[in-house]
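Letters A, B, ... mirror the listed sequences (proteins, then strands); counts begin at 1.
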Amino acid sequence: MTNARIADALEELSVLYQLDGADRYRVLAYTNSARTIRNHGSSVEEMARAGTVTELPGIGETLEEKILALVETGEIPAAAELKEKLPSGLIEINRIPGVGPKTVRRLHDELDVTGPEDLRAAAEAGQVRSLKGLGPKIEENILEGLDRLEAEPEGPERKTLDRMLPLAEELVGALRGHPDCDRAEIAGSVRRMADTCEDIDLIATSHSPKKLATFIAGHESVSSSGNASENGIRLETQSDIGVDLRLARPEAFGNLLQHFTGSAAHNTRLREAAVAEGLHVSEHGIKDGKTGENDRFRTEEEVYERLGYSYIEPTLREDRGELEAAREGKLPDLVERRQVRGDLHCHTTLSDGRNTFEEMAAAAQELGYEYLAITDHSASHGFGDNVEAGRLLEQIEEIRQFNEKGGELRLLAGSEVNIHPDGTLDYEDDVLAELDWVIASIHTGFSRSEATMTARMIAAIEHPEVDCIGHASGRLLTRRDPYPLDYEAVFEAAARSGTAFEINGNPKRRDLSDVHARMAREYGVKIVLNTDAHSTAGLEYMAYAIATARRGWLGADDILNTAPWWKQPLSK
DNA sequence: GCCGTTTTCGGCCCGACTGTTTTCAGTCG
């Protein structure tokens, strides 16, 4: 059972407990454990079976027992009992914004509501407003929420970072250009460079905050907006992306930025730790519980320093051990864009790319790279974009001729070869031996078992001509789940054979993920930052590969393509 | 339900907003 599936089950149980009226801290224990498990790289099922799962923070004996029952029987007894008691439709109703567990429980107890259909009937009949504390406005919200629930049963769509970042930058630019703006910055999950984001968080400081809020509501990308207040404004944009702008006075810029950068889990942990020292942290400052004095800071560095931490980069703020590391001065020196010397995965018109290798080379040189690997698809690739061995050998010769011209950029002759379902590759070894750089990737047969997928990948890892594994999980963010894979086993094999793993920077992939990239480093596996560019513009995806590496605690030393090409420790 | 160089029991982050209320509960991020 995957960690994601275990986390889903615990999250469901937390909702059930909530609807059942359980103590909020008990509910919190379940949601926290779900998050911890979702963020853990190696198999939690194995940890549970080995009796080591209580080593994870926030998981004690009770949760261990429940996780063990889940992986052994496919069900948590407590969840099954609660489902008997509470109609499943109540969980759906709970997803309507503004309708929390307390309200759901009252709708069930007092109006016999069991699901969305009942609720719609009750709301249309005006029964909801008859309950004490509920009124016509809430009834209206419920009906709107039910419509949305029908239209989007999965909830508000999370969007990949590339859809958010340009809009966020444009809006922050507009804010900065306004005379009443002191400083403005992107915050939230966009600033943390998360894989996907639900909305855009912006912060700004101003002496006339309300004027600034009113100004941004008039931006051409804004389709509608809430009320402009001293504290901020909520916007909806033409591209269906929600934007929260938070405002404060200039002297608290650091507090505001720290608070709204999050993550929620990072901030919660930060505030809990501060309370132990009598300090109360909020977006307005750091308050001393004894003296009542509230300190405001202009920079985040000062906020962290006041609380006893070294500065924590936004990409690390996910409650994955960064606070402890910052207290002990053990944060990693994260890789930076300027340290990347080349890109080792791109496509050309030879397979399914849009530009020739000469055009790709020119673009790579523009980016200041020293080398670029041309890695078109291989012989068995579908959609007519396959490259037969004979044609590949011709391209190798063309690339050698290109290099002989003595330009500044060195091209590497490579290929992205398919790993067949049986673990073999789709070029003969003597063809692969002609190449400078071989990436092996899985493009077909995703629905095999974990054991099969793992054996298949290990076969490729151990192949003497393979240098690197491409987009290892096969996930497409918001569209396709990763296939099952035993990461401990593949990283062990890769560390043994000296095979690297890429972080694919395509914003739909970000694969390896941050969690698995970090895990790979712990196993001693070298990482390559690649774009998988299918056009010259695609080379810009390096920014996302770097973001994932930084979220995965990686430094330049962990990454092969921060070194000159001739220093690459090739596996062949 | 978890956790402890203040605690093995009694704590467990902070504030804004909304809709319903004359002082607040519930929800959200």
Side-chain angles (χ1 to χ4, degrees), chain A residues 10 13-15 17-36 53-67 76 78 93-107 128-142 145 155-156 187-189 192 197-203 209 226-234 242-248 252 255-256 258-287 289 294 307 319 323:
Chain A
L10 291 172
L13 183 54
S14 85
V15 175
Y17 274 138
Q18 221 176 353
L19 293 176
D20 198 39
D23 174 73
R24 53 188 283 242
Y25 294 107
R26 190 161 155 230
V27 173
L28 204 60
Y30 282 93
T31 50
N32 284 342
S33 70
R35 191 178 44 76
T36 299
V53 75
T54 53
E55 287 169 15
L56 293 174
I59 293 180
E61 282 177 29
T62 306
L63 270 157
E64 177 181 43
E65 189 185 314
K66 289 190 159 82
I67 293 165
I76 302 172
I93 293 173
N94 189 45
R95 304 218 333 257
I96 297 172
V99 180
K102 296 251 167 43
T103 309
V104 171
R105 194 58 204 249
R106 293 194 56 205
L107 291 167
V128 171
R129 71 180 71 184
S130 71
L131 299 187
K132 189 167 160 53
L134 304 184
K137 191 82 188 180
I138 286 176
E139 204 167 69
E140 198 180 306
N141 280 351
I142 285 177
S189 54
R192 301 196 313 276
C197 313
E198 197 172 307
D199 58 14
I200 292 173
D201 288 298
L202 303 176
I203 64 131
N227 293 327
S229 80
E230 298 281 311
N231 292 317
I233 189 168
R234 168 81 184 181
V243 180
D244 271 319
L245 171 65
R246 298 304 181 121
L247 297 163
N255 302 92
L256 188 70
Q258 194 286 322
H259 179 87
F260 284 104
T261 296
S263 62
H266 172 87
N267 282 355
T268 302
R269 284 287 305 276
L270 183 80
R271 291 194 288 257
E272 278 172 358
V275 166
E277 299 179 18
L279 299 172
H280 302 273
V281 183
S282 79
E283 64 266 49
H284 307 297
I286 299 175
K287 198 172 183 175
N294 189 39
L307 297 169
D319 188 23
L323 287 167

Rounded interatomic separation in angstrom, taking [atom1] from [X] and [atom2] from [N]:
X        : N      : atom1 : atom2 : value
A:Asn255 : B:dC14 : CG    : P     : 14 Å
A:Leu270 : B:dC13 : CG    : P     : 12 Å
A:His259 : B:dA16 : NE2   : P     : 9 Å
A:Arg35  : B:dG29 : CZ    : C1'   : 14 Å
A:Asp319 : B:dC12 : CG    : P     : 18 Å
A:Tyr30  : B:dC2  : OH    : P     : 7 Å
A:Gln258 : B:dC13 : CD    : P     : 16 Å
A:Glu55  : B:dC2  : CD    : P     : 15 Å

Give [X] one of three labels, base, sugar-phosphate or nothing, depending on what nucleic acid heavy atoms sit under 4.0 Å from its own.
X        : result
A:Lys66  : sugar-phosphate
A:Asp23  : base
A:Val281 : sugar-phosphate

Got more than 12 heavy atoms from elsewhere within 6.0 Å of CZ, A:Arg24? no
Taking any strand in view, what nucleotide pairs with B:dT8 in a Watson-Crick or G-U wobble way, both distances under 3.5 Å? none
Grab the two heavy atoms, one from A:Ala78 and one from A:Leu13, that are nearest each other, plus how far apart they are. C-CD1, 4.2 Å
Shortest non-hydrogen separation from A:Leu63 to A:Ala29 and the atoms involved: CD1-O, 4.2 Å
Suppose you measure atom [atom1] in [N] against the same atom in [M]; what distance do you get, rounded to whole Å?
N      : M      : atom1 : result
B:dC14 : B:dT20 : C1'   : 23 Å
B:dT27 : B:dT21 : P     : 16 Å
B:dG1  : B:dT5  : C1'   : 24 Å
B:dG11 : B:dT7  : P     : 14 Å
B:dC3  : B:dC13 : P     : 14 Å

Which of A:Val15, A:Val99, A:Ile96 passes side chain to side chain contact (heavy atoms under 4.5 Å, CB included) with A:Val104? Answer is A:Val99
Pairs under 3.5 Å (N/O, protein and nucleotides 22-25 of chain B):
none

From C-beta outward on A:His284, which listed nucleotide comes closest to its side chain: B:dT27, B:dC14, B:dG15? B:dG15
Looking at B:dC13, B:dT27, B:dG1, which one has an atom nearest to any side-chain atom of A:Glu272? B:dC13
[X] side chain near [N] phosphate (N/O to OP1/OP2, under 4.0 Å):
X        : N      : result
A:Thr103 : B:dT27 : yes
A:Arg26  : B:dG1  : yes
A:Ser282 : B:dC13 : no

Side chain to side chain, A:His280 and A:Val275, heavy atoms closer than 4.5 Å: yes
Less than 4.5 Å apart, side chain to side chain, heavy atoms only: is that true for A:Asn227 and A:Ser229? no
Output a table of nitrogen or oxygen pairs between the protein and nucleotides 17-19 of chain B separated by less than 3.5 Å.
none

Exam field: side chain [X] to backbone [Y], donor-acceptor pair closer than 3.5 Å:
X        : Y        : value
A:Asn294 : A:His284 : yes
A:Glu139 : A:Arg129 : yes
A:Asp23  : A:Tyr25  : yes
A:Arg105 : A:Leu19  : yes

Which residue lies toward the 5' end of DNA chain B, A:Lys132 or A:Thr268, if each is placed at its nearest nucleotide? A:Thr268
Can you work out whether A:Leu279 or A:Gly98 has the more 5'-proximal nearest nucleotide on DNA chain B? A:Leu279
Provide the full list of side-chain hydrogen bond (donor to acceptor under 3.5 Å, both in side chains) pairs with a residue in residues 262-277 of chain A, sequence neighbours left out, each pair given once. A:Gln258-A:Asn267, A:His266-A:Tyr304, A:His266-A:Glu322, A:Arg269-A:Asp319, A:Arg269-A:Glu324
What pairs with A:Thr261 under side chain to side chain contact (heavy atoms under 4.5 Å, CB included), at least two apart in sequence or on another chain? A:Ala187, A:Arg191, A:Arg192, A:Leu257, A:Glu300, A:Pro314, A:Arg317
With sequence neighbours excluded, tell me which residues meet ring pair (Phe, Tyr, Trp, His ring centres under 6.0 Å) with A:Tyr30. A:Tyr17
Enumerate all atom pairs, one protein N or O and one N or O from nucleotides 3-10 of chain B, separated by less than 3.5 Å.
{"from": "B:dC3", "atom 1": "OP1", "to": "A:Gly58", "atom 2": "N", "distance (Å)": "2.8"}

